[in-house]
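This report concerns only the one structure given below.
Just so it is clear, the values below take in all heavy atoms, side chains as well, and ignore hydrogens, waters and symmetry mates.
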Amino acid sequence: SQQGEEDPQALSIQEGENATMNCSYKTSINNLQWYRQNSGRGLVHLILIRSNEREKHSGRLRVTLDTSKKSSSLLITASRAADTASYFCATRNSGGSNYKLTFGKGTLLTVNP
Amino acid sequence: NAGVTQTPKFQVLKTGQSMTLQCAQDMNHNSMYWYRQDPGMGLRLIYYSASEGTTDKGEVPNGYNVSRLNKREFSLRLESAAPSQTSVYFCASREQNTGELFFGEGSRLTVL
């Protein structure tokens, strides 16, 4: 069964606004990753946050992790039309195989020009 | 570098036919994966190969077989295709140090 669940399922905003997507998971993790998928394309890695980290930044991306609540959020600041894509969280569970990465169902972000 | 290359990009099969999806990576990664993506279901792991010579079942392995031919190549075979296997299939390889997955562009399979 899938570990991560993104919320909301779909988000529509105007260019320049910030977009926040959330991911909840069920079991303890070693790390959590966020990926982006443009329509009809493969997934592209955005950022990884380890279980002992609380916040991480990469350009316009900010990821937070709250292990007590088993949740993570991805914030995209000053969004652009080119940010329109699906965003997925993926977790590597502690105690499980080091090689298995489990994905959520994704959030579809639409940024309107 | 090409990264992860999947073939074919599109395929239509009739129920009961067999086919093999090919995947190759040129990043010298040890681990490789096959996922399927269905609307509303996200990505589900079919099989993975932690290293050359090993393969393991993922979340939805039934109806599939895999072969890790060498370090570069990891193929997925459907022996007797069923309509429930209509999906988009993604191959990925894993960078050892960061754990980041690199994905191919996908293979869109329709089983009639």
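Contact between A/Phe88 and B/Gln37 at its shortest, heavy atoms only, is CZ-NE2, 3.5 Å.
Contact annotation: the side chain of A/Leu43 never approaches that of B/Leu101 to less than 4.5 Å [non-hydrogen atoms, C-beta and beyond].
Shown here is A/Arg60, whose CZ atom has more than 12 heavy atoms of other residues, nucleotides or ligands within 6.0 Å. Atom CD of A/Glu15 sits in a crowded spot, with more than 12 heavy atoms from other residues, nucleotides or ligands closer than 6.0 Å.
B/Phe74 and B/Leu45 end up in different hydrophobic clusters when Ile, Leu, Val, Met, Phe, Trp and Tyr side chains are linked at under 4.5 Å. Residue A/Leu32 is grouped with residue A/Ile47 when hydrophobic side chains (ILVMFWY) are merged at heavy-atom distances under 4.5 angstrom, including chains of intermediate members. Under a hydrophobic-cluster definition in which Ile, Leu, Val, Met, Phe, Trp and Tyr are linked whenever side-chain heavy atoms come within less than 4.5 Å, directly or via other members, B/Leu21 and B/Phe90 are assigned to different clusters. No chain of hydrophobic side-chain contacts below 4.5 Å, direct or via other Ile, Leu, Val, Met, Phe, Trp or Tyr residues, connects A/Met21 to A/Leu48. There is a path of hydrophobic side-chain contacts, each under 4.5 Å, that joins A/Ile49 to A/Leu61.
Remark: the backbone N or O of A/Gly40 is paired with a side-chain donor or acceptor of B/Arg108 at under 3.5 angstrom. Of the possible polar contacts, one joining the A/Gln33 side chain to the B/Gly99 backbone as a donor-acceptor pair under 3.5 Å is found.
Highest contact tally toward chain A, considering only B/Ala50, B/Gly106, B/Ser49, is held by B/Ala50 [criterion: heavy-atom pairs under 4.5 Å].
In this structure, CD on A/Gln37 lies 6.5 Å from CG on B/Leu43, to the nearest 0.5 angstrom. The structure places NE2 of A/His45 at 10.0 Å from CZ of B/Phe103, a figure rounded to the nearest 0.5 Å. We find the CG-OH distance between A/Leu101 and B/Tyr35 to be 4.5 Å, quoted to the nearest 0.5 Å. Atom CZ of A/Phe103 sits about 12.0 Å away from atom CD of B/Glu59, to the nearest 0.5 Å. With values rounded to the nearest 0.5 angstrom, B/Lys57 atom NZ is found 11.5 Å from A/Lys100 atom NZ.
The interface of residues 76-87 of chain B with chain A, defined by heavy-atom distances below 4.5 Å, is empty.
Proximity to chain A (any heavy atom under 4.5 Å) is restricted, for B/Thr98, to the backbone atoms N, CA, C and O.
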